[in-house]
Amino acid sequence: MDRDAFETSALFHELLDELRALESKFYEGANAPQDEQSVLEGYKWIFSILQVAFDVYVWSDTARPRFVDIVGPYKKWGGDNADAYYQFAPIDAQRTYRIKGKTGDAVYWSLTVYGGPDDGRYSAHIVGTVNDRMVDVTPDGTFEIVLSADPPEGVASMKLEEDSVVAITRDYLVDPVHGRRVEWHIEADDPPATYRLTDADLARRLRAVVTWIKEQSQMVPLPLGEPNVIDPPYPVPTETYGWAAGDAAYAMGSFELADDEALVITGRSPACAFWNLCLWNPFLHTYNYEYERVTINGGQVEYEDDGSWTVVIAHRDPGRPNWVSTQGHPRGRIWLRWFLPDATPEPISTEVVKLG
């Protein structure tokens with residue numbers, strides 16, 4: 001066979017060139033990381049976005065879809081966190097899909113369908129969201145959701161728009177280590193019986209991978225911003241970008257601390273289904289939560305008598321509750337999220353203090 005006759009071969013080499021070019025982000029530019037750990041985590045970020053790209057664009061099949069994990073302890077990118085499981089399934093708006101699940105121990109779960117391009121670029125808009133407050137769950141914890149351009153009556157369902165291309169699940173657990181995650185299964189009605197891979201199809205898929213890598217790399221490294229400040233929380237959005245949730249409020253900040261300093265963060269969370277605080281490196285990538293606590297959620301926090309909370313970010317244990325470790329990073333991003341909040345969270349105060 002002649003390699004030059006395959007469009008896939010050209011796309012394969014284009015992908016290798018794109019991956020090679022990513023390394024410059026670790027060493028060049030105003031936002032390049034300044035510490036060894038963040039540089040090394042950048043290499044792992046490359047493999048995370050490549051792994052997600054292959055699951056989402058190379059292996060995915062709208063006729064016989066599967067839900068696959070797109071974030072986790074070994075897939076860190078895009079603002080992941082320690083408390084959640086996110087899964088992806090490709091969809092075709094011309095088909096009908098039946099999704100079955102079992103709730104497990106999640107305190108919040110949802111299924112969101114996104115519309116927009118299917119060429120490696122992020123989705124353009126949310127078609128619809130179904131969360132655990134909207135679905136009838138049987139006594140044994142099972143549920144069913146139908147996705148269709150012509151959804152049936154009498155069951156939980158979502159109407160697909162012409163550009164519907166992606167279904168993403170979210171389940172949040174207070175104890176993600178020991179808790180049971182939601183079980184998700186998806187099937188398409190009347191899938192074809194046979195399959196043949198073609199050069200044109202695989203080349204199209206690899207072109208989407210290259211586009212995905214390019215788009216993801218444009219978002220990072222994230223600038224630090226003003227250090228040791230949390231920006232005012234913003235409310236549940238009316239519009240979202242990419243695969244963001246449409247039923248959560250958020251706040252972002254940053255830290256930059258000397259070895260003998262701590263950042264004391266004080267706030268109050270509205271009634272909500274779930275909230276947490278995470279630390280990220282410049283690649284929107286959590287630290288290694290298999291060891292120190294580098295994130296904390298509303299079910300783990302020790303609250304003050306008045307319902308407020310104080311979280312302490314520091315390089316070592318300050319001897320106070322709610323310590324979140326920098327895991328040796330001298331600087332980083334702080335991210336907070338509140339799912340289904342009754343109100344926009346109040347402003348959050350910060351103070352840098354000396355340890356000891």
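Other residues, nucleotides and ligands contribute only 12 or fewer heavy atoms inside 6.0 Å of the CD atom of Q94. The number of heavy-atom neighbours closer than 6.0 Å to CZ of R64, taken from other residues, nucleotides and ligands shown, is above 12. Heavy atoms from other residues, nucleotides or ligands lying under 6.0 Å from OH of Y195 number more than 12. The local environment of OH in Y74 is sparse, with at most 12 non-hydrogen atoms from other residues, nucleotides or ligands closer than 6.0 Å. The number of heavy-atom neighbours closer than 6.0 Å to CD of Q300, taken from other residues, nucleotides and ligands shown, is above 12. By the neighbour-count criterion of 12 heavy atoms within 6.0 Å, atom OH of Y43 is densely surrounded, having more than that number from other residues, nucleotides or ligands. Shown here is D306, whose CG atom has more than 12 heavy atoms of other residues, nucleotides or ligands within 6.0 Å. The environment of D2 atom CG is dense: over 12 non-hydrogen atoms of other residues, nucleotides or ligands sit within 6.0 angstrom.
One finds no salt bridge joining K76 and E41 here, because no Lys/Arg side-chain nitrogen approaches an Asp/Glu carboxylate oxygen to under 4.0 Å. Here D61 does not pair with R66 in a salt bridge; the nearest charged N to carboxylate O distance is not below 4.0 Å. A salt bridge links D69 with R181: the distance from a Lys NZ or Arg NE/NH1/NH2 to an Asp or Glu carboxylate oxygen falls below 4.0 Å. Look at K159 and D150 and you find no salt bridge, because none of the NZ, NE, NH1 or NH2 atoms lies under 4.0 Å from a carboxylate O.
The two residues R95 and A188 come nearest to each other via the heavy atoms CD-CB, 4.3 Å. Smallest separation of non-hydrogen atoms from D260 and R316: CA-NH1, 4.3 Å.
Each of D80, V56, T169 was compared with I70 under the side chain to side chain contact (heavy atoms under 4.5 Å, CB included) criterion, and only V56 meets it. Among F26, W77, F47, the one residue that satisfies the ring pair (Phe, Tyr, Trp, His ring centres under 6.0 Å) test with F283 is F26. The side-chain hydrogen bond (donor to acceptor under 3.5 Å, both in side chains) with N297 is formed by just one residue from the set D175, N81, D83; it is D83.
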### Message
Apply ring pair (Phe, Tyr, Trp, His ring centres under 6.0 Å) to residues W59 and F54 and explain how you reach the verdict.
### Response
CA-CA 6 Å; W59 294 107; F54 271 76; 7.9 Å; no
### Task
Decide side-chain contact (heavy atoms from CB on, under 4.5 Å) for C272 and L340; before the verdict, give the C-alpha distance in whole Å, the side-chain angles of both, and the deciding distance to 0.1 Å.
CA-CA 5 Å; C272 59; L340 302 178; 5.6 Å; no
### Task
Please assess F274 against Y172 for the test ring pair (Phe, Tyr, Trp, His ring centres under 6.0 Å), listing each intermediate value before the final yes or no.
CA-CA 7 Å; F274 178 91; Y172 277 79; 4.9 Å; yes
### Task
Take Y97 and D92 through the test side-chain contact (heavy atoms from CB on, under 4.5 Å) and record every step on the way to the result.
CA-CA 9 Å; Y97 297 93; D92 176 351; 3.5 Å; yes
### Query
Can you list the steps and then say if F339 with Y250 is a ring pair (Phe, Tyr, Trp, His ring centres under 6.0 Å)?
CA-CA 9 Å; F339 277 97; Y250 299 100; 7.1 Å; no
#### Entry: Derivation of the side-chain contact (heavy atoms from CB on, under 4.5 Å) call for W184 and L111
CA-CA 10 Å; W184 295 93; L111 171 78; 4.2 Å; yes
### Task
Evaluate the side chain to side chain donor-acceptor pair (under 3.5 Å) criterion for residues D201 and T198: first the C-alpha distance (whole Å), next the side-chain angles of each, then the deciding distance (0.1 Å), finally the verdict.
CA-CA 5 Å; D201 183 47; T198 66; 5.1 Å; no
### Query
R170 and T112: side-chain contact (heavy atoms from CB on, under 4.5 Å), yes or no, with the steps?
CA-CA 8 Å; R170 291 174 170 82; T112 302; 3.7 Å; yes
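The OG atom of S254 sits 10.5 Å away from the CZ atom of R331 when rounded to the nearest 0.5 Å. The CZ atom of R133 lies 6.5 Å from the CG atom of N131; values are rounded to the nearest 0.5 Å. Rounding to the nearest 0.5 Å gives a distance of 10.0 Å between CE of M134 and OG of S110. With rounding to the nearest 0.5 Å, the separation of NZ in K100 from CD1 in I145 is 12.5 Å. Atom CG in D17 sits 11.0 Å away from atom CG in L22 (nearest 0.5 Å). Atom OG of S148 is separated from atom CZ of R98 by 8.0 Å, given to the nearest 0.5 angstrom.
In the hydrophobic clustering of ILVMFWY residues, with side-chain heavy atoms under 4.5 Å counting as a link, M219 and L224 come out apart. When hydrophobic clusters are built by joining Ile, Leu, Val, Met, Phe, Trp and Tyr residues whose side-chain heavy atoms come closer than 4.5 Å, directly or via intermediates, W243 is not grouped with L147.
Residues D171 and D132 fail the side-chain proximity criterion, which asks for heavy atoms closer than 4.5 Å. Contact of the T310 side chain with the E302 side chain is not registered, since no non-hydrogen atoms from C-beta on lie closer than 4.5 Å. N322 places none of its side-chain heavy atoms less than 4.5 Å from the side chain of V312. The shortest side-chain heavy-atom distance between L284 and W45 does not fall under the 4.5 Å cut-off. Looking at heavy atoms from C-beta onward, Q327 lies in side-chain contact with N288 at the 4.5 angstrom threshold. Residues V113 and S164 meet the side-chain proximity criterion, which asks for heavy atoms closer than 4.5 Å.
Judged as a ring-ring contact (aromatic ring centres under 6.0 Å, His included), and not counting sequence neighbours, Y85 has no contacts.
Donor-acceptor pairing under 3.5 Å is recorded for the side chains of R337 and N276. At a cut-off of 3.5 Å, with distance as the only test, a side-chain donor of H125 or D163 sits close to an acceptor on the other residue.
Apart from V311 itself, the hydrophobic cluster it occupies contains I230, F255, L257, L263, I265, W275, L277, L279, Y287, Y289, V294, I296, V301, Y303, W309, I313, V324, I334, L336, W338, I348, V352, where clustering links Ile, Leu, Val, Met, Phe, Trp and Tyr at side-chain heavy-atom distances under 4.5 Å.
Using a 30° and 60° split on the angle between ring planes, F143 and W109 fall in the parallel class, below 30°.
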